[in-house]
Amino acid sequence: MRPAKHSINANRMFDRVLRHKLAAISAVVLLGLALLSCCAPLIERLLGVDHTDINLYNRFAGPSLTHVLGTDELGRDLFIRLLYGGRVSLSIAITAAIIASVFGTFVGLTAGYYGGWLDRFLMRFNDAFMALPLLPLLIVLAAIDLEKVGVPRSIAESDEISLYRIIIIVSMVSWNTVARLVRAETLALRESDFTRAAQSLGASSSTIIVRHILPNSSSPIIVATTLSVGYIILFESVLSFLGLGVQAPLTSWGHMLSNAQELIWSAPYLAILPGLMIFITVIACNFFGDGLQDAMDPRAT
Amino acid sequence: MLNFVVCRVFESAVVVLIVSFVIYCLIGFMPGDPIDLMIASNPELTSEDSSRLKKLYGLDQPLVSRYWNWAQSALYGDFGYSRVYAQPVMDILWPRMGNTVLLMGLSLFFALAIAIPIGIFAAIRPNTKTDYLINLLCFAGISIPPFWLALLVIIFFSVTLSWFPAGGMETVGKGDLWDRISYMVLPLIVLTLHTAGGLTRFMRANMRQTLRQDYIRTARAKGANTYKVTLNHAFRNSMLPIITMIGISLGGVFSGALITETMFSWLGVGKTIFDAILGNDFNLALVGLLFATLMTLTGSFIADICQIAMDPRVSFASQDEK
């Protein structure tokens, strides 16, 4: 044998290190962003600025000691607004991803374990759902009048309603990947020896699903949830950008870009920075999810 | 074959029926109604007029019976009028549909022209630096928010370099072929990059799976070189899943097209739907959404038929089991 073998091994090691290094860097980036967003009020206090302070005499200011990244078109501090935007974007994404994967897991477990017409119906539903043009449907959902569907006025007109609304909307369209993966895993686990053993010992279907199948299908659930955080941030940012997501006084990264198109001539960096934050977060989620998949399931890719 | 086609047509019809009902209800839940808008624009209307008009247009009936009436006239080809344009909605949507199909078709074409060679290129040298670089770029393509990509492209190519116009369809009074093409370049770039990342990753994974098959090993063992094996044996077999993938991703491409059209003022169905929703043009939004759904469903239907027609291994019976 020539050194070919050696070079393959070296290559594989290089591969592992690089892949997991990317995933590790992504994890650090995500944690850092989460930490910064959590500490936004503290940092605000330290710098002595207020994220809602409008100062029309100080618009489009360059970076300075108080305004680390300068100010926006209303003279608000850009850096602190980015942190507050991250708070909203990240909390929407994480909440919606958890809701979506709980629902998707439920659908996947039911379809995979019981099989038959229920499985066929749920999977057909899933297929049809995936073929739909989701964004226009989301836009309609974001535009509906909550009072017409029976939400009391006091809730429908509160400040945070845009937050709850967008969480519900994006989780409605993000459950299907989890459902598909969990179903596939459940189909395999249903035929496994330990399921058979539990069945022959007289365990009920719900016990088998909760005690045996659910814990064993945790890795696809975790991977799909991580990946869906990224997609949800994209969805949220598009809707907020179009003016149908998060509403002022709250702000998210997408919302910060909503009038960026008018500013590209005068202050292009205002259009670049929030988008860069979205891009970094989403790509970090994708790398992290991909790395998790590699680490948890060596059969894939 | 015929059996399968009939089944799929029936299934798609059921999906369209359900989707149309859901969309009808959602549009009904949007703030305001056509009569409110009439009252807002004409202060002379009294409340008796308004209830008379509501009765005339059937707006006092429950949603379900309104849907039933609407669906009946839609089946006879009567889709009603647009409030903003005061034209039959079909007269507005048909020409714009052409623009959307042009944009989506060309971007899919370019996305495939990028994805297929690069996917294969990465698949035949797995886990090398080139492979990682390609993977990185694919992830970047998947993760970039399309509206932000559009902003970047406008800032770079229109504001800084002023090579291409920032939006619209053609220069007023000019409108020759070159002029139109120059308006099309930027939307095409955005939608192509938005689509290409996912397709490249899919092509790579798919090609790697094909290269692990026994018949590839046989061809290798018989002494065929890498390029011959890749192009003659693996390439053709890995093309089939790509067709399915295109069918599945059409809905996503349409969503991308909506954003691209809105960013570049490209007069397509996506922008029309968006403007109609914001402008309370209920009927136009409703029919536009149905149009978009029909477009993507037809696309994935054609993809399924192509796959079956091209792949002798897929039997129609097994398709039902999947």
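Here is the naming used below: chain letters follow the sequence lines, and residue numbers restart at 1 for every chain. Computed from heavy atoms alone, side chains included, the values below leave out hydrogens, waters and symmetry copies.
Options A:Gly254, A:Pro133, A:Gly243 differ in how many heavy-atom pairs under 4.5 Å they form with chain B, and the most are formed by A:Pro133. Each of B:Ile273, B:Ile27, B:Thr293, B:Val15 has some count of heavy-atom pairs under 4.5 Å with chain A, and the biggest count is that of B:Thr293. No other option in A:Ile278, A:Val238, A:Ile144 has as many heavy-atom pairs under 4.5 Å with chain B as A:Ile144. No other option in B:Val253, B:Leu297, B:Leu278, B:Leu26 has as many heavy-atom pairs under 4.5 Å with chain A as B:Leu26.
Using a 4.5 Å cut-off between heavy atoms, B:Val19 contacts chain A through its side chain alone, with no backbone atom that close. Looking at B:Met295, there are no atoms closer than 4.5 Å to chain A (heavy atoms on both sides), in backbone or side chain. Neither the backbone nor the side chain of A:Phe125 comes within contact range of chain B, judged by heavy atoms closer than 4.5 Å. Of the atoms belonging to A:Leu242, heavy atoms from both backbone and side chain fall under 4.5 Å from chain B. Proximity to chain B involves both the backbone and the side chain of A:Leu137, based on heavy atoms less than 4.5 angstrom apart. At a 4.5 Å heavy-atom cutoff, the contact between A:Leu244 and chain B is made by side-chain atoms alone. Interface residue B:Ile154: only side-chain heavy atoms are found under 4.5 Å from chain A. Of the atoms belonging to B:Leu258, it is side-chain heavy atoms, and not backbone ones, that fall under 4.5 Å from chain A. Residue B:Gln209 does not touch chain A at all, counting heavy-atom pairs closer than 4.5 Å.
Atom OG of B:Ser143 sits about 11.0 Å away from atom CD1 of A:Ile280, to the nearest 0.5 Å. The OG1 atom of B:Thr262 sits 8.5 Å away from the CG atom of A:Leu135 when rounded to the nearest 0.5 Å. Rounded to the nearest 0.5 Å, atoms CG (A:Leu132) and OG (B:Ser300) are 9.5 Å apart. Separation of atoms CD1 (A:Ile139) and CG (B:Leu289) is listed at 8.5 Å; rounding is to 0.5 Å.
Contact of the B:Leu149 side chain with the A:Phe279 side chain is not registered, since no non-hydrogen atoms from C-beta on lie closer than 4.5 Å. Counting heavy atoms from C-beta outward, A:Ile283 and B:Ile144 have side chains that stay 4.5 Å or more apart. A heavy-atom distance below 4.5 Å is not found between the side chains of B:Phe139 and A:Leu22. Put simply, the side chain of A:Arg124 does not reach to within 4.5 Å of the side chain of B:Val14, judged on heavy atoms. A:Pro268 is not listed as a side-chain neighbour of B:Val159, based on a closest heavy-atom distance of 4.5 Å or more. For the pair A:Pro136 and B:Phe254, the minimum side-chain heavy-atom distance is below 4.5 Å. The closest side-chain heavy-atom distance from B:Ile23 to A:Val140 is not below 4.5 Å.
The environment of B:Phe301 atom CZ is dense: over 12 non-hydrogen atoms of other residues, nucleotides or ligands sit within 6.0 angstrom. Enclosure of atom OH in A:Tyr231 is not indicated, since only 12 or fewer non-hydrogen atoms of other residues, nucleotides or ligands lie within 6.0 angstrom. By the neighbour-count criterion of 12 heavy atoms within 6.0 Å, atom CE of B:Met245 is densely surrounded, having more than that number from other residues, nucleotides or ligands.
Among B:Phe274, B:Trp148, B:Phe147, the one residue that satisfies the ring-ring contact (aromatic ring centres under 6.0 Å, His included) test with A:Phe241 is B:Phe147.
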